[in-house]
Every structure is written in C-alpha cells, then in structure tokens.
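Just below is one structure, and these are the notes that go with it.
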Amino acid sequence: MTGGTPVAGETLPGAGGGDDDADRVVCHVDMDCFYASCERLRRPDLAGEPVVVGMGYEPGESIGAVATASYEAREFGVESAMPISEALELLPRRADADPDDPDAPDPEETGRYLPVDLDFYEDVASEVKEVLRDCADTRREVSIDEAYLDATDRTSWAVAGGGGGSPSDGGDGDDGDDSTDPPPSGAAGPAEARTLAEGYARHVKDRIEREAGVPASVGVAPNMSAAKVASDADKPDGLVVVPPGSVAEFLAPLPTADVHGVGPVTEGTLAELGIETAGDLAAADRDRLAAELGERGPELSRRAAGDDDREVTPTGLPKSLSRESALPTTADEPTKRETVSALAADVARRARERGCLYRTIGIKAVEPPFDVNTRARSLPGPVDDPDLVEEVALDLLGEFDETRVRKLGVRVSKLDFAETDQATLGGFEPGDGPGDRSDGAADRPRGSVGRTAGTDGDGGKLTDWVDGEPTADGDATGNEAERRTGDGQASLGDWS
DNA sequence: TCTGGGGTCCTAGGACCC
DNA sequence: TCTGGGGTCCTAGGACCC
C-alpha cells in the first residue's frame, strides 16, 4: 500500500481507538436480473435466451416498461425502465418471428417477453432470504432482490490458512493463523491471498444458487457503500472482495455515477465541477460540494472516499404506501375519477392488510410530457378508512379536472403501526367548511376536524390528539388490531 | 428515449406558536 | 403596524433507488 492515497478508515491492528469499523465485514448480495432469473427457474428452456420481463406490454402497443432484461437481452441494448416499444425494436419477440414471412424478424434476433409475476418472484425471494437468515444475524433487506449482511461475527479479514489460492469450494472454513494483514489484493481480481471473508461470501453466493436456484452477485467490503459498489463491479455472477485498506483505491477510478446516490442530475452537476471519478469526488472540496448539492454533497464525497460508518440495520416499517397507474393520456373526468377510486381502494386495502393507519392522503397527477403534480391533505388523526381515502383523493383530484394526465396515483403516508383502535374518522368531510363540525365528530376531539379547510382557529391541537391516544375507549377492536400489527411487522420491508 | 410502479430522503417556503 | 428569533408542522417538488 505505497500509493499516496490516504486510505480512509485504516486502523492499526492493535489500536483499539474507538472505531475498529475497518474490521467490519459487510456483504452486499444483489441478485442478477432477478425477475428474468426467476422466469428461467420455472422455464428452463429460457436458459441462454434473451429474456425481457415487462410490465404492461401485453395490451399491444402498450404503455409498458422493461422491469428486467436478462444479460443476453442487454447485449441487444435492452435496458431496465426502457419502454417496451423500444425494447421490441431492439429485440423483437420470438412470437413475431414467422419463418414464412420475409418481413418478420430473424429468429436469431428475438427474445422472450414475459409479464411480471411478482407473487412468484416473492416466493423465490423468500427462499433466498432463508439462506441469508442462515448466513447472518444482522441483515438489511433492501428490496426484493438485494440485501446487506453484516458478517463480522461470522468471519474476518484474516488471510485464510494454507498458502494456496486453490479455489476451495465454499465454506470449508479452516482458519489459519491470525496474521491479520489485510491482503493488498487487487480489488476486483482474484485475490492472491484469500481472506476468510472471501470464503464466507462465496459460501453465501453458492448457497443461494444451490438452494434458491438463482444467481447472485456478491460484494464484500468493510462498509455498506463499498460493498454495494463491489457487488455491482463484476455482474453478473460476480464476487468482488475489497479488503480494508484498499477501499479508496478500489473506488477511485470508477465514474461518479457508480457511487450509490449519484444519479444523472448529480452526475451532471459534478461533471460541471470537473469531478468525473469517485477519486475526484473523494478529493473534492466538501464545502464547495455542500454549496452545490446541499448536505448530500459532502456525504457522497465521504462515500466515494470509502468512508461510511452506517450500521447494517434491519429495514424498518414503511413510511408510505402508494399505487399508481399509467393510462393513455386523457382529460376525461369520469375516467380519471374511476382510476383514482380504484387506486384509492387498493391502497386502503393494502394499508389494512398491513395493519397500519395513515394520517395523510395524497394523489399524484402526471401531465405530459412528464410533469409530476402531487397534492396531499393531512387528517386530524390517523385512520383506517377506505371511504375516506377515496373521498379525499377525489377531492384533491378536483384541481385537475380539466387536466390531461398520463398517470395517476394515490398515496397514504404518516403511517401509524401502533394500536389500531379507532379505525375510522366519523363524519369527516373532505371539503367541509368550518361550520360543519357540529356533527359526526363523535369520537374525535372536535376543533381539529376540518382544519385542512383552512380557516378554523382550532382549539384542540393536533398533537394533543396524536400523542395522547384518545382516552381508552371500549371499542374492543384491540385484539384484532394487535394481530394485524404483528403480521404487518413480519411481512413488511422484508421479502414476503 | 416520450418514460412503469413502488418506495426513500431532502429541501424550501409558509403557517403558526412562543 | 415595519418586525427578532427559534421551533414545528405542513405541502410540494425533486433526486434517487430498485
């Protein structure tokens, strides 16, 4: 490690100075084109074929987009999030390849298009999850196909015993001496000196493939953001090990866009500042970055330098639930209202399934070309009330009665998973004026009802109600509520 | 390239309170 | 009636991620 680059987070072996963070072993597991892999799992004939899994392409022309493209399909230029129509141009469907039609696409240049089947993917994901549960106690499941593991208590950065680079097959964890010099191995290449961490990661990867039947790429590093980048560095089927001490070197040459959190906009802003690589970003003046990008700027710089002390923590409960759907651009009011009603019902149903109350209801209306409008209204207190979701959503939609939209959405937020007493807010009228509050407020503290209409000088403060669990009432829905909450917790944020 | 669906976090301005 | 400062909540929009 003679390169002049100061390596963030490097610690001396014996120096227990506060943070021995550098010794953490964090694994990032990222399934390879997961949806396509799942489809292949149940349809082995798709092996080696370009496979495109899309949403909404079915009805013909389609307003759909590519959810996942297999690596074979990517070779034709098909990418995630690409409109299906475009994907079809790059890679026609197999079904369209008619050998008798001279105008039909060459069968060699076609792929398979399949509609998403989330339920099935979730089944596969839960098998993957079982493996992960077995492999690490500390996990964060980020999405259906991605997770972080903190394996510090299962393995280490010590060099594996026996001099050899003999590719042992996963998990024969004979640990050798305790010599803890982290191998200064090339980050992405096969390490000359294998660490126990590498063996561990290979074991995880192999088990996933063996037990769930789908391939994963794994990155191992002393922190989350480096592990994330590592898992991405050699996809598909990659295993990239970045030992402590080589994190900064590993990151430095990568384009800024490879840093987690740098999207197209930030990439552009950075480029204007002459910052092209993670190394540039790491070395950039952080005050300047803060001025250009806000607090995010310095944070990205730290990440780019390999400095990330976030702990691997389990995913918490969701903050919002939403549903949206695209439609052929229309200004037709009944169509819009019907759409919103259906979305509202669905969101409310999901909220109830998960045993959560919500205090804010909102809509989204996207105007062509892509102008996103959101409107939201908060209620005096958390509710579980499908009719109210619909009512408020439709009321908010009123502002867009004349508007041509291409997409509509409904969202509930300010979720409350605590107790599910009092599921409905009786008598609340979305548009009601201050005069309206006499009836209906039944079990609500009055005054706050209708506050969203603006003008009432309400006496009972919102927080009084929210904090103060409206005096134990005998509605006895408690049991069910509790059960629902339990279920919700178990099924949220994880892969089930 | 005319862009699906489900999320997260951050920022900025305004209302309101003390 | 020309005016300070701090804090919280709300809404809207934006960037990003998978």
Side-chain angles (χ1 to χ4, degrees), chain A residues 28 30-35 53-58 61-68 77-90 115-116 118 121 125 141-147 225 228 231-232 257 259-269 290 293-297 299-300 315-329 343 346-347 350 359-380 396 399 406-415 448 451-452 454-458 461-463 466-467 492-493 495:
Chain A
H28 182 254
D30 199 345
M31 308 304 297
D32 300 323
C33 55
F34 184 58
Y35 295 177
V53 180
M55 339 180 88
Y57 77 91
E58 206 74 273
E61 324 281 315
S62 86
I63 12 180
V66 174
T68 301
V78 177
E79 293 171 6
S80 226
M82 173 180 283
I84 293 283
S85 53
E86 198 185 334
L88 282 170
E89 270 171 42
L90 292 165
V116 286
L118 263 187
Y121 310 151
E141 282 132 15
V142 179
S143 69
I144 194 170
D145 66 349
E146 203 188 317
S225 64
K228 165 81 182 163
S231 73
D232 230 33
V259 177
H260 197 52
V262 176
V265 177
T266 305
E267 183 186 14
T269 307
L293 299 169
E295 266 319 293
R296 238 162 35 90
E299 184 59 32
L300 291 172
T315 322
L317 295 165
K319 304 279 200 300
S320 67
L321 297 174
S322 65
R323 277 233 44 194
E324 58 186 69
S325 88
L327 53 169
T329 300
L343 295 171
D346 211 78
V347 168
R350 280 167 55 213
R359 209 164 73 70
T360 297
I361 296 164
I363 62 157
K364 170 159 135 179
V366 181
E367 295 178 62
F370 207 76
D371 283 338
V372 180
N373 300 281
T374 60
R375 296 294 180 270
R377 182 179 301 161
S378 287
L379 310 170
L396 293 170
E399 186 182 334
R406 62 196 313 264
K407 181 190 272 198
L408 291 166
V410 174
R411 190 170 91 111
V412 294
S413 54
K414 299 226 170 63
L415 303 186
S448 48
R451 80 192 294 283
T452 47
T455 50
D456 57 332
D458 54 345
K461 288 203 304 190
L462 196 48
T463 46
V466 174
D467 293 340
L492 287 169
W495 300 0

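By convention in this document, chain letters (A, B, ...) are assigned in the order of the sequence lines, proteins followed by strands, and residues within each chain are numbered from 1.
Between the CD1 atom of A/Ile84 and the C1' atom of B/dT3 there is a distance of 12 Å, rounded to whole Å. One atom, CE of A/Met55, and another, C1' of B/dG7, lie 13 Å apart when rounded to the nearest Å. Rounding to whole angstrom units, CG of residue A/Leu408 and C1' of B/dG4 are separated by 14 Å. Rounded to whole Å, atom C1' of B/dG4 lies 15 Å from atom CD of A/Glu79. Regarding A/Lys407, its NZ atom lies at a distance of 11 Å from the P atom of B/dT3, rounded to whole Å. Following rounding to the nearest Å, A/Phe34 (CZ) and B/dG5 (P) show an atom-to-atom distance of 21 Å. Between the NZ atom of A/Lys414 and the P atom of B/dG7 there is a distance of 17 Å, given to the nearest Å. Computed from coordinates, the A/Glu141 CD to B/dG7 P distance equals 17 Å when rounded to whole Å.
Closest to the A/Asn373 side chain, of the nucleotides C/dG13, B/dG6, B/dG7, is C/dG13. Considering only the side chain of A/Lys228, C/dC18 comes nearest among B/dG4, C/dC18, B/dT8. Listed nucleotides C/dC18, C/dC16, B/dT8 differ in distance to A/Pro264; the shortest reach to its side chain belongs to C/dC16. Residue A/Ser325 has its side chain nearest to B/dG5 when only B/dG5, C/dA12, B/dG4 are considered. The side chain of A/Pro83 approaches B/dT3 more closely than any other nucleotide in the set B/dT3, C/dG13, C/dC18.
Side-chain contact, A/Thr360 with A/Arg411: no donor N or O sits under 3.5 Å from an acceptor N or O.
Within the structure, every side-chain polar atom (N or O) of A/Ser322 is placed at least 4.0 Å from both OP1 and OP2 of B/dG5. Side-chain nitrogen and oxygen atoms of A/Arg406 include none within less than 4.0 Å of the OP1 or OP2 phosphate oxygen of B/dC2. Between A/Ser320 and B/dG6, a side-chain N or O to OP1/OP2 separation shorter than 4.0 Å is absent. Considering only side-chain N and O atoms, A/Thr266 lies nowhere under 4.0 angstrom from the phosphate OP1 or OP2 of C/dA15. OP1 or OP2 of C/dG14 has not a single side-chain nitrogen or oxygen of A/Lys364 nearer than 4.0 Å.
Residue-level contact check: A/Ser80 touches neither bases nor backbone, having no heavy atom under 4.0 Å from any strand. Within the nucleic acid shown, A/Ala376 comes within 4.0 Å of sugar-phosphate atoms alone, with no base atom in reach, counting heavy atoms only. Nucleic acid contact class of A/Val66 (heavy atoms, under 4.0 Å, all strands): none. Within the 4.0 angstrom heavy-atom criterion, no nucleotide atom of any strand lies near A/Pro368.
The main-chain N or O of A/Ala67 is found under 3.5 Å from a side-chain atom of A/Ser80 such that the two form a donor-acceptor pair. A donor-acceptor pair is defined here as one N or O able to donate and one able to accept, closer than 3.5 Å; no such pair exists between the side chain of A/Arg359 and the backbone of A/Val412. With hydrogens and angles ignored, the 3.5 Å screen pairs no side-chain donor or acceptor of A/Asp30 with any backbone N or O of A/Glu146.
Of all the heavy atoms in A/Ala87 and A/Val78, the pair that sits closest is CB-CG1, 4.0 Å. Taking all atoms of both residues into account, the shortest heavy-atom contact from A/Val347 to A/Ser322 is CG2-C, 3.9 Å. For the pair A/Thr315 and A/Glu141, the tightest heavy-atom approach, listed with the atom from each and the gap, is OG1-O, 2.6 Å. Minimum heavy-atom separation, A/His260 to A/Leu300: O-CD2, 3.7 Å.
Secondary-structure annotation of DNA chain B gives the stems B:5-18 with C:5-18, with a stem taken as at least 3 successive Watson-Crick or G-U pairs whose two distances both fall under 3.5 Å.
Checked options A/Ile144, A/Asp145, A/Thr68; the residue passing with A/Tyr121 is A/Ile144 (criterion: side chain to side chain contact (heavy atoms under 4.5 Å, CB included)).
Taking a cutoff of 4.0 Å between a charged side-chain nitrogen and a carboxylate oxygen, A/Glu367 and A/Arg406 do not qualify as a salt bridge.
With centres under 5.5 Å and a plane angle under 30°, the ring of A/Phe370 is stacked against the base of B/dT3.
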- [ ] Under the side chain to side chain contact (heavy atoms under 4.5 Å, CB included) rule, what do A/Leu396 and A/Arg377 come out as? Steps first, then yes or no, please.
- [x] CA-CA 8 Å; A/Leu396 293 170; A/Arg377 182 179 301 161; 3.8 Å; yes

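As rounded to the nearest Å, B/dC16 and C/dT3 have P atoms that lie 23 Å from one another.
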Give me, pair by pair, the N or O atoms of the protein and of nucleotides 9-11 of chain B that are less than 3.5 Å apart, along with how far apart they are.
unit_1, atom_1, unit_2, atom_2, d
B/dT11, OP1, A/Glu295, N, 3.4

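Remark on DNA chain B: of its neighbouring residues A/Glu86 and A/Leu327, the 5'-side contact belongs to A/Glu86, judged by nearest-heavy-atom nucleotide.
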